[in-house]
Amino acid sequence: MGDVPSKLETREIEAARRVLHTDWHFESDRLRRELRFRSFAEAFGFMAEVAVHAQAMNHHPEWSNVYNGVVIELTTHDAGGLSSLDVELAERIDRAAAGRSD
């Protein structure tokens, strides 16, 4: 296991708000985004791509999928809230969703 990243400070969260897709909702200790795709296969393909990134980072989303919808929540439990890992994974999710989601 590597070092646990520290919880983001308010100024770091504000900086993340400026770079992440506007569909991300910043909640008290997590980021949340809902996406819709053209089909179940598109949603599943997106999730498979994100899974590869998450595994490489050893940082995994909490998510659910119903037909063409995917709900993603990111938090760093060890940090007690949002960390740089969440922002990095959210950026990767934004890139994976670009041009795919409605």
Side-chain angles (χ1 to χ4, degrees):
M1 281 309 290
D3 294 330
V4 175
S6 59
K7 186 175 177 179
L8 295 180
E9 296 180 18
T10 303
R11 65 181 168 72
E12 294 169 309
I13 291 171
E14 290 307 314
R17 285 182 194 271
R18 290 190 293 275
V19 299
L20 295 177
H21 193 281
T22 57
D23 285 345
W24 284 105
H25 299 279
F26 288 73
E27 298 176 359
S28 61
D29 65 343
R30 62 190 56 237
L31 285 168
R32 186 173 198 280
R33 185 172 176 192
E34 296 183 26
L35 298 107
R36 295 269 174 239
F37 298 87
R38 290 179 286 274
S39 67
F40 172 75
E42 288 268 340
F44 195 84
F46 163 79
M47 291 178 74
E49 181 177 341
V50 171
V52 171
H53 293 297
Q55 189 64 32
M57 294 175 62
N58 194 30
H59 189 64
H60 305 92
E62 297 175 18
W63 58 7
S64 64
N65 163 243
V66 177
Y67 182 59
N68 68 335
V70 178
V71 177
I72 303 170
E73 292 189 349
L74 303 175
T75 191
T76 303
H77 297 286
D78 292 342
L82 292 174
S83 77
S84 59
L85 288 174
D86 300 304
V87 176
E88 181 181 344
L89 185 53
E91 289 175 324
R92 291 179 183 206
I93 288 167
D94 286 349
R95 287 192 295 272
R100 277 185 157 157
S101 64
D102 295 335

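Worth knowing before you read on, the calculation uses all heavy atoms, side chains too, and leaves out hydrogens, waters and symmetry mates. Residue numbers start at 1 and run along the sequence shown.
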Which atoms form the tightest heavy-atom contact between Val87 and Ala16, and what is the distance? CG2-CB, 3.8 Å

Look at Glu14 together with Arg17 and state whether they make a salt bridge at an N to O cut-off of under 4.0 Å. yes

What's the shortest heavy-atom distance between Arg100 and Arg38, and which atoms? O-NH1, 3.7 Å

Can you pull the ring pair (Phe, Tyr, Trp, His ring centres under 6.0 Å) pairs that have at least one residue in residues 42-70, sequence neighbours excluded? Phe37-Phe46, Phe40-Phe44

Identify the heavy atoms of Pro5 and Ala79 that sit nearest to each other, and give their distance. O-CB, 3.3 Å

Considering non-hydrogen atoms only, spot the tightest contact between Leu8 and Ser84 and give its length. CD2-N, 3.7 Å

Non-neighbouring partners of Glu27 that pass salt bridge (charged side-chain N to carboxylate O under 4.0 Å, His left out), sequence neighbours left out: none

Least distance between heavy atoms, Glu62 atom then Arg30 atom: OE1-NH1, 3.2 Å

Within the side chain of Asp86, is there an N or O that forms a donor-acceptor pair under 3.5 Å with the backbone of Thr76? yes

Examine Leu74 and Val52 and state if one hydrophobic cluster contains both, with Ile, Leu, Val, Met, Phe, Trp and Tyr joined whenever side-chain heavy atoms are less than 4.5 Å apart. no

Give the intermediate values and the outcome of side-chain contact (heavy atoms from CB on, under 4.5 Å) for residues Trp24 and Ile72. CA-CA 9 Å; Trp24 284 105; Ile72 303 170; 4.2 Å; yes

Is Glu91 salt-bridged to Arg95, going by a charged N under 4.0 Å from an acidic O? no

With Arg33, which of Val71, Leu20, Asp23 fulfils side-chain contact (heavy atoms from CB on, under 4.5 Å)? Asp23

